[in-house]
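Just below is one structure, and these are the notes that go with it.
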Amino acid sequence: MRVLVTGGAGYIGSHTAVSLLERGHDVVLVDSLDNSSRTAVERITQIAGRQPSFHELDVRDEAALSAVFLEERPDAVIHFAGLKAVGESVAEPLRYYSHNLDSTFALLRTMTTHGVHNLVFSSSATVYGEGQEAPYAEDGGLLHATNPYGQTKVMLERILSDIAHADPRWNIALLRYFNPIGAHESGLIGEDPNGIPNNLAPYISQVAIGRLPQVGVFGADYPTADGTGERDYIHVVDLAEGHVAALDKLREPIGVRAWNLGTGRATSVFALIQAFEAACGKSIPYEVQPRRAGDLAQAWADTTRAETELGWRASRDIDAMARDAWRWQSQNPHGYAD
Ligand code: NAD
Ligand code: UD1
């Protein structure tokens, strides 16, 4: 297939581009480079040995996006582009709602104009919100998020479902990611957060490389085995392969369907720190701090649906995630800025 990937220079998009190219798909990357670098595009080519097309543009620029559709004639779209920082979304809700909704509306109108109806959408486990218990299954309850970023995912899932129900030509996969971490095993592409990371794995990596002094462990009094929060970390290459599987599924008429992409296993904060210590061969200083507002004790995926319907299952363990994250961090101490 010829696949247009919005946000294709970003963390998950760049890994997905590699997986798509390796599976023989043609890839068209569209990215504003607001939260990514042209270097990522060069490295995708280096890893895959094939070059994707690249267009630097904001998908909200509908005229420019339409020109790309006209030139490239994609069969399907994977839509990663958007803003994703939870804390920032609480501080600037209007910017988040506006950006994530407007960009998706612009994309949907452009797809409609050009007769492209196959879409894979980046959703998040954040749509399971509060009041539900792990493991989360796709039909487990009402979708509700606790912050504006998560609410954009809930709203967009609803909007995409309505569109698919109204017009049977649409085929839409909603992929709910758990906690993507790690990097491509080449060490050439990986996560390159702007400023101080909000998420645990990139924070640990930056402590390990010496950019930050210590990890703050947000609570060691949870009702979990070691008292720290447990999450379903998934290797970003497994996640990327999940997108290729979802794209294959779109060859059948599915209408709209949600799939969890996780491993089905939970790992604590302490266990993740230990995995990074083993990977980098150094001890990683940490300090137990108060719980972070809005955090759950435990979250992990029920992966049954993705396994049975997509024929996909994550295969890389926490040690591989830490090892690959560390290879990326140590080879690129300042991310793509090096
Ligand atoms: P990222 O910021 O690395 O990638 C997003 C890319 O989109 C960036 O390269 C950015 O420059 C680009 N972009 C943003 N707005 C754009 C616009 N209007 N037009 C064109 N390009 C634009 O983020 P990521 O971690 O790769 O996340 C990709 C998607 O997955 C996002 O939708 C995110 O909400 C979702 N998601 C991420 C996680 C995670 O932990 N990383 C978890 C669940 C869901
Ligand atoms: C967070 C977001 C979620 C988003 C996801 C993207 C919040 C409340 N939730 O999820 O909406 O979809 O990122 O991957 O922000 N932790 C520490 N110290 C740190 C950072 C985190 O101890 O410096 C702990 C947290 O308490 C949690 C675990 O590590 O138990 C994972 O945290 P994080 O990486 O931020 O992911 P989530 O909270 O699952």
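Side chains are part of it too, since the values below use all heavy atoms of this structure and drop only hydrogens, waters and symmetry mates. One-based numbering, in listed order, for ligands and for the atoms of each.
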Legend entry - ligand 1 atoms in contact with S123 (distance to a heavy atom under 4.0 Å): 43 (C), 44 (C)
Legend entry - N or O pair under 3.5 Å between K153 and ligand 1: yes
Legend entry - For atom 7 (O) of ligand 1, the protein heavy atom that lies nearest, with its residue and separation: G7 CA, 3.2 Å
Legend entry - Face-on cation placement of R231 at F178 ring, 6.0 Å and 45° thresholds: no
Legend entry - ligand 2 N/O within reach of N199 N/O, cut-off under 3.5 Å: yes
Legend entry - Location of contacts on L57 toward ligand 1, heavy atoms closer than 4.0 Å: backbone
Inset, instruction - Check whether any N or O atom of L200, backbone or side chain, sits under 3.5 Å from an N or O atom of ligand 2, and answer yes or no. - result: yes
Inset, instruction - Considering heavy atoms of the protein only, find what lies nearest to atom 8 (C) of ligand 2 and give residue, atom and distance to 0.1 Å. - result: D295 OD1, 3.4 Å
Inset, instruction - Within a distance under 4.0 Å of any heavy atom of N198, pick out the atoms of ligand 2 and give their elements. - result: 20 (C), 35 (O)
Legend entry - Ion pair check, R316 and E241, cut-off under 4.0 Å: yes
Inset, instruction - Identify the protein heavy atom lying closest to atom 30 (O) of ligand 1, giving its residue, its atom name and the separation to 0.1 Å. - result: Y177 CE1, 3.3 Å
Legend entry - Closest approach of any protein heavy atom to atom 10 (O) of ligand 2, naming residue and atom: N179 ND2, 4.2 Å
Legend entry - N147, any N or O under 3.5 Å of ligand 2 N or O: no
Inset, instruction - Starting from atom 38 (O) of ligand 2, find the nearest protein heavy-atom neighbour and note its residue, name and distance. - result: R292 NH2, 2.8 Å
Legend entry - Proximity winner for atom 12 (C) of ligand 1, if only heavy atoms of T104, D31, L239 are counted: D31
Inset, instruction - Return yes when atom CD of Q214 has more than 12 non-hydrogen atoms of other residues, nucleotides or ligands closer than 6.0 Å, and no otherwise. - result: yes
Inset, instruction - May I ask whether V215 has any heavy atom positioned less than 4.0 angstrom from an atom of ligand 2? - result: no
Inset, instruction - Could you check which of F218, Y286, Y233 puts a non-hydrogen atom nearest to atom 31 (C) of ligand 2? - result: Y233
Inset, instruction - For atom 12 (O) of ligand 2, state which one of G294, S124, A297 supplies the nearest heavy atom. - result: S124
Inset, instruction - Report, in ascending order of atom number, the atoms of ligand 1 lying under 4.0 Å from any heavy atom of S124. - result: 43 (C), 44 (C)
Legend entry - Contact atoms of ligand 1, heavy-atom distance to L33 under 4.0 Å: 11 (O)
Legend entry - Taking atom 13 (N) of ligand 1 as the reference point, the nearest protein heavy atom with its distance: S32 OG, 3.7 Å
Inset, instruction - Step by step, work out the side chain to side chain contact (heavy atoms under 4.5 Å, CB included) result for L174 and W259. - result: CA-CA 6 Å; L174 309 171; W259 287 281; over 6 Å; no
Inset, instruction - Indicate the ring-plane relationship of Y96 and Y149, choosing parallel, tilted or perpendicular according to the 30° and 60° boundaries. - result: perpendicular
Legend entry - Heavy-atom nearest neighbour in the protein, as seen from atom 24 (C) of ligand 2, with distance rounded to 0.1 Å: V269 CG2, 3.7 Å
Inset, instruction - Determine, step by step, whether L119 and L107 satisfy the side chain to side chain contact (heavy atoms under 4.5 Å, CB included) criterion, reporting the C-alpha distance in whole Å, the side-chain angles of both residues, the deciding distance to 0.1 Å, and the verdict. - result: CA-CA 10 Å; L119 175 65; L107 175 67; 4.2 Å; yes
Legend entry - Over 12 foreign heavy atoms within 6.0 Å of CZ, R109: yes
Legend entry - Heteroatom distance test (V59, ligand 1): nitrogen or oxygen, under 3.5 angstrom: yes
Legend entry - Residue and atom name of the nearest protein heavy atom (relative to atom 25 (O) of ligand 1), distance in Å to one decimal: K84 NZ, 2.8 Å
Legend entry - Side-chain donor/acceptor of N260 to backbone N/O of D302, under 3.5 Å: yes
Inset, instruction - Under 4.0 Å from a heavy atom of V86: give me the atoms of ligand 2 that qualify, with their elements. - result: 2 (C), 3 (C), 11 (O), 15 (O)
Inset, instruction - Output the list of atoms in ligand 2 that are nearer than 4.0 Å to some heavy atom of G216, sorted by atom number. - result: 17 (C), 18 (N), 19 (C), 22 (O), 23 (O)
Legend entry - Main-chain N/O of V237 paired to H235 side chain as donor or acceptor, under 3.5 Å: yes
Legend entry - D319 bridged to R323 by N-O distance under 4.0 Å: no
Inset, instruction - For V217, take its heavy atoms, then give the atoms of ligand 2 lying under 4.0 Å from any of them. - result: 22 (O)
Inset, instruction - Indicate yes or no: does R60 engage D102 in a salt bridge with an N to O separation below 4.0 Å. - result: no
Inset, instruction - Using non-hydrogen atoms of the residue, decide whether D58 is closer than 4.0 angstrom to ligand 1. - result: yes
Inset, instruction - Please write down residue, atom name and distance for the protein heavy atom closest to atom 37 (C) of ligand 1. - result: I12 CD1, 3.7 Å
Legend entry - E277 side chain vs I284 backbone, donor-acceptor pair below 3.5 Å: yes
Inset, instruction - Would you indicate whether F270, at its atom CZ, is surrounded by more than 12 heavy atoms from other residues, nucleotides or ligands within a distance under 6.0 Å? - result: yes
Inset, instruction - For atom 34 (O) of ligand 1, find the nearest protein heavy atom and state the residue, atom name and distance (0.1 Å precision). - result: Y149 OH, 2.7 Å
Legend entry - W170 and H117 aromatic ring geometry - parallel, tilted or perpendicular at 30°/60° bounds: perpendicular
Legend entry - S122: numbered ligand 1 atoms lying under 4.0 Å from its heavy atoms: 29 (C), 30 (O), 32 (O), 35 (C)
Inset, instruction - Please say whether F80 places an N or O atom under 3.5 Å from an N or O atom belonging to ligand 1. - result: yes
Inset, instruction - Assess E191 for proximity to ligand 1: is some non-hydrogen atom of it under 4.0 Å away? - result: no
Inset, instruction - Answer yes or no: does atom CZ of R313 have more than 12 heavy-atom neighbours from other residues, nucleotides or ligands under 6.0 Å? - result: no
Legend entry - atom 3 (O) of ligand 1 - nearest protein heavy atom and its distance: Y11 N, 2.9 Å
Legend entry - Atoms of ligand 1 close to D34 [distance to a heavy atom under 4.0 angstrom, numbered from 1]: 11 (O)
Inset, instruction - Using modelled atom types only, decide if a donor and an acceptor are shared between the side chain of N147 and the backbone of V86 within a distance under 3.5 Å. - result: no
Legend entry - Sub-6.0 Å ring centroid separation between W328 and Y336: yes
Inset, instruction - For atom 39 (O) of ligand 2, grab the closest protein heavy atom and report residue, atom and distance to one decimal in Å. - result: R231 NE, 2.6 Å
Legend entry - Carboxylate-amine/guanidinium contact E157 R176, below 4.0 Å: yes
Legend entry - Ring-ring centroid check H15 F80, cutoff 6.0 Å: no
Inset, instruction - Examine the proximity of ligand 1 to H79 and report which part, side chain or backbone, both or neither, has a heavy atom under 4.0 Å away. - result: neither
Inset, instruction - Under 4.0 Å from a heavy atom of S36: give me the atoms of ligand 1 that qualify, with their elements. - result: 8 (C), 9 (O), 11 (O)
